[in-house]
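Everything on this sheet refers to the single structure shown next.
Note that these values count all heavy atoms, side chains included, but never hydrogens, waters or copies made by symmetry. Order of the sequence lines sets the chain letters (A, B, ...), proteins ahead of strands, with each chain counted from 1.
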2 protein chains.
Amino acid sequence: MQGDDPRGEERALTKREITTLERRRHIVETAAICFVEQGFHQTSIRDIAKRAGISLGNLYNHFETKTALIAEIATLESEDLRDMQSALAADGDPGAILDRFIADYFAYVARPENAVLAAEITAEAMRSPQIVGPYLDNRRTLIGALAAILRRMPEGATPPCPADPVQLAETLLDVIGAAASRVAFEDAATQETTCATTRQVAARLLGN
Amino acid sequence: MQGDDPRGEERALTKREITTLERRRHIVETAAICFVEQGFHQTSIRDIAKRAGISLGNLYNHFETKTALIAEIATLESEDLRDMQSALAADGDPGAILDRFIADYFAYVARPENAVLAAEITAEAMRSPQIVGPYLDNRRTLIGALAAILRRMPEGATPPCPADPVQLAETLLDVIGAAASRVAFEDAATQETTCATTRQVAARLLGN
DNA sequence: CAAATCTGAATGAACGATCGTTCATTGAAA
DNA sequence: TTTCAATGAACGATCGTTCATTCAGATTTG
């Protein structure tokens with residue numbers, strides 16, 4: 001059994017460890033759904049356990065406390081967001097990459113479940129020192145990746161505003177996120193045109 | 001006593017009615033403080049009653065349920081915000097009025113307690129039909145007032161972006177609010193310069 | 001390879017605390 | 001005399017968490 005990896009650095013996962021990891025992942029996914037529907041503090045551990053189809057006690061084998069579960073979800077970036085981030089870091093025409101990012105990020109936040117969870121995490125991060133750290137780390141990473149692309153952009157007719165790429169990245173994220181969130185809850189029908197308008201706003205700030 | 005208003009439309013308030021109104025107002029203010037510190041659903045009715053210095057039962061003489069109290073706070077606009085709104089509606093140079101509004105609204109959201117409460121209300125509104133209505137009403141009123149000023153602005157070097165005054169007002173509110181909220185929690189020291197940058201962003205979108 | 005041992009995931013009852021809400025009662029203002 | 005703000009005990013429900021127990025799978029031993 002252990003002969004599979006003679007170097008011994010990484011043991012192969014046993015069947016049990018795999019199912020445990022899957023179980024844990026399933027709990028996180030279920031909790032995220034509950035949190036979107038009811039909010040962090042209106043969701044009970046029993047709600048999550050019941051919906052995940054496991055016993056109450058077993059949930060505590062995977063997460064020490066409810067707070068730890070909340071922190072995990074608040075910290076965890078979704079795969080979608082991670083994909084966007086790596087797309088930002090790829091080679092290629094910066095203008096095309098940026099356009100693609102705007103469309104993707106807008107579509108992401110325009111999905112109500114993402115907008116709700118983001119709002120919930122934001123509110124929680126403002127009160128909980130446990131969460132604000134990882135939350136800001138995540139956000140700063142995304143802003144850094146976006147700022148890197150902005151630095152690669154060719155000069156437009158006028159200089160960007162704000163001139164500092166990081167501040168520009170922050171402003172762009174704010175504008176896209178807010179517009180998309182509005183689409184998610186007020187006028188879902190206008191998603192296409194609102195996204196187009198947002199792209200124009202971005203272009204204006206970039207100096208084109 | 002009742003002779004004060006012979007037309008009988010508006011009776012004078014009795015001593016008791018006055019203290020009752022004051023008590024009610026005091027509860028609202030105390031609840032707001034608790035909600036900022038602990039969030040809506042981590043604050044108990046007992047917390048509020050204790051901090052307000054009244055009995056648990058008496059609180060229920062002024063608010064039917066905890067939800068009603070939350071709804072009242074989520075709906076209630078602060079005096080500051082109402083002042084800004086009426087300043088927007090005043091006569092005078094639209095450019096000066098707009099500049100003043102940007103500074104005031106930025107300073108308002110840059111105060112952590114206002115930023116926290118706004119985030120909490122936003123998250124709650126996304127899940128509670130009870131709250132989303134009044135919340136959107138308030139916001140739309142503010143946007144309307146801002147859009148009215150934007151319509152009065154003289155034409156700049158280039159047309160505004162977005163061209164529609166209402167969408168421009170929404171975008172401006174988003175940008176100011178997000179930047180100010182960032183100042184409140186990340187780099188409180190940069191308030192002056194960040195506000196100045198925000199003003200530049202606004203000018204850029206307006207077309208100057 | 002088979003038997004014995006160990007490990008830790010899984011269970012659900014139970015605990016004490018706290019939750020939102022109700023209610024009989026009191027006392028001061030109308 | 002009537003009205004109603006004010007009180008705090010009490011209620012049932014639910015909360016997060018703990019715990020003894022079970023048992024399948026991993027590991028060690030013979």
Side-chain angles (χ1 to χ4, degrees), chain A residues 1-5 8 10-28 30-31 34-35 37-73 124 128 130-131, chain B residues 1-5 8 10-28 30-31 34-35 37-73 124 128 130-131:
Chain A
M1 280 291 179
Q2 76 204 40
D4 288 345
D5 188 359
E10 295 182 357
R11 224 173 16 86
L13 291 178
T14 118
K15 210 181 301 178
R16 176 134 77 153
E17 285 169 325
I18 291 176
T19 63
T20 298
L21 250 70
E22 282 173 351
R23 181 78 81 199
R24 188 187 156 92
R25 181 188 174 85
H26 180 236
I27 292 173
V28 170
T30 307
C34 293
F35 289 156
E37 287 180 0
Q38 320 196 61
F40 288 147
H41 302 291
Q42 289 189 300
T43 302
S44 72
I45 294 285
R46 283 169 180 81
D47 289 336
I48 300 170
K50 192 171 293 181
R51 189 150 184 171
I54 66 171
S55 70
L56 178 59
N58 191 19
L59 202 149
Y60 277 89
N61 284 327
H62 297 273
F63 294 91
E64 263 194 353
T65 61
K66 185 188 180 184
T67 305
L69 183 50
I70 293 178
E72 173 120 348
I73 286 194
E124 190 68 16
S128 160
Q130 176 103 258
I131 290 180
Chain B
M1 277 291 180
Q2 75 205 37
D4 289 345
D5 189 359
E10 295 183 356
R11 221 173 18 83
L13 293 176
T14 82
K15 210 182 303 176
R16 175 134 79 156
E17 285 170 325
I18 291 175
T19 63
T20 298
L21 251 68
E22 283 172 351
R23 180 79 80 202
R24 187 187 157 92
R25 181 188 174 85
H26 181 234
I27 293 174
V28 170
T30 306
C34 293
F35 289 156
E37 288 180 359
Q38 320 194 64
F40 288 146
H41 302 291
Q42 289 190 299
T43 301
S44 71
I45 294 284
R46 282 169 181 81
D47 289 336
I48 300 170
K50 193 171 294 181
R51 189 149 184 171
I54 67 171
S55 71
L56 178 60
N58 191 20
L59 201 148
Y60 277 89
N61 284 327
H62 297 273
F63 294 91
E64 262 194 354
T65 61
K66 183 187 181 183
T67 305
L69 184 50
I70 293 178
E72 172 120 348
I73 286 194
E124 190 68 17
S128 161
Q130 175 103 259
I131 290 181

- prompt: Nearest nucleotide by nearest heavy atom, which residue falls closer to the 5' end of DNA chain C, B:F40 or A:G53?
  reply: A:G53
Rounded to whole angstroms, how far apart are [atom1] on [X] and [atom2] on [N]?
| X | N | atom1 | atom2 | value |
| --- | --- | --- | --- | --- |
| A:D47 | D:dC15 | CG | P | 6 Å |
| B:K66 | C:dG20 | NZ | P | 4 Å |
| A:I18 | D:dG25 | CD1 | C1' | 13 Å |
| B:K15 | D:dA5 | NZ | P | 16 Å |
| A:F63 | C:dA10 | CZ | C1' | 16 Å |
| B:L21 | D:dC4 | CG | P | 15 Å |
| A:H41 | D:dC15 | NE2 | C1' | 13 Å |
| B:Y60 | D:dG8 | OH | P | 16 Å |

- request: Would you mind telling me which of D:dA5, C:dA29, C:dT11 lies closest to the side-chain atoms of A:N58?
  value: C:dT11
- request: Check every atom of C:dT11, D:dG16, C:dA9 against the side chain of A:I54 and return the nucleotide holding the closest atom.
  value: C:dT11
query: OP1 or OP2 of C:dA10 less than 4.0 angstrom from a side-chain nitrogen or oxygen of A:S55, does that happen here?
result: no
field: Residue list, salt bridge (charged side-chain N to carboxylate O under 4.0 Å, His left out) with A:R51, at least two apart or on another chain
entry: A:E37
Distance, nearest 0.5 Å, that separates [atom1] of [X] from [atom2] of [Y]:
| X | Y | atom1 | atom2 | answer |
| --- | --- | --- | --- | --- |
| A:R25 | A:L21 | CZ | CG | 9.5 Å |
| A:N61 | A:R23 | CG | CZ | 10.5 Å |
| A:T30 | A:F35 | OG1 | CZ | 10.5 Å |
| A:I48 | A:I27 | CD1 | CD1 | 9.0 Å |

- request: Determine the contact category for A:T67: base if any of its heavy atoms lies under 4.0 Å from a base atom, sugar-phosphate if only primed atoms, P, OP1 or OP2 are that close, otherwise nothing.
  value: nothing
message: Does B:T65 reach a base, just sugar-phosphate, or nothing at all? Heavy atoms under 4.0 Å.
response: sugar-phosphate
Got a list of protein N/O to nucleotides 14-18 of chain C N/O distances below 3.5 Å?
residue, atom, partner, partner atom, Å
C:dA14, N6, A:R46, NH2, 3.3

message: Any donor-acceptor pair, under 3.5 Å, between the side chain of B:N61 and the base of D:dA6, if you only look at N and O atoms?
response: yes
task: Enumerate the residue pairs fulfilling ring-ring contact (aromatic ring centres under 6.0 Å, His included) with a member in residues 41-60 of chain B, sequence neighbours excluded, ordered by first and then second residue.
output: none
message: Donor-acceptor check, side chain of B:T20 to backbone of B:R16, threshold 3.5 angstrom: yes or no?
response: yes
Exercise answer: donor-acceptor pairs, residues 65-73 of chain A side-chain atoms, under 3.5 Å, sequence neighbours excluded:
residue, atom, partner, partner atom, Å
A:T65, OG1, A:T67, N, 3.4
A:T65, OG1, A:A68, N, 3.1
A:K66, NZ, A:F40, O, 3.2
A:K66, NZ, A:T43, O, 2.7
A:E72, OE1, A:R24, NH2, 2.7
A:E72, OE2, A:R24, NH2, 3.0

query: Do you know the tightest heavy-atom contact between A:Q38 and A:Q42?
result: O-CB, 3.0 Å
- line: Sorted by chain and number, sequence neighbours left out, side chain to side chain donor-acceptor pair (under 3.5 Å) with B:S44 holds for B:D47
Polar atom pairs (N or O), protein with nucleotides 3-7 of chain C, under 3.5 Å:
residue, atom, partner, partner atom, Å
C:dT7, O2, A:R16, NH2, 2.8

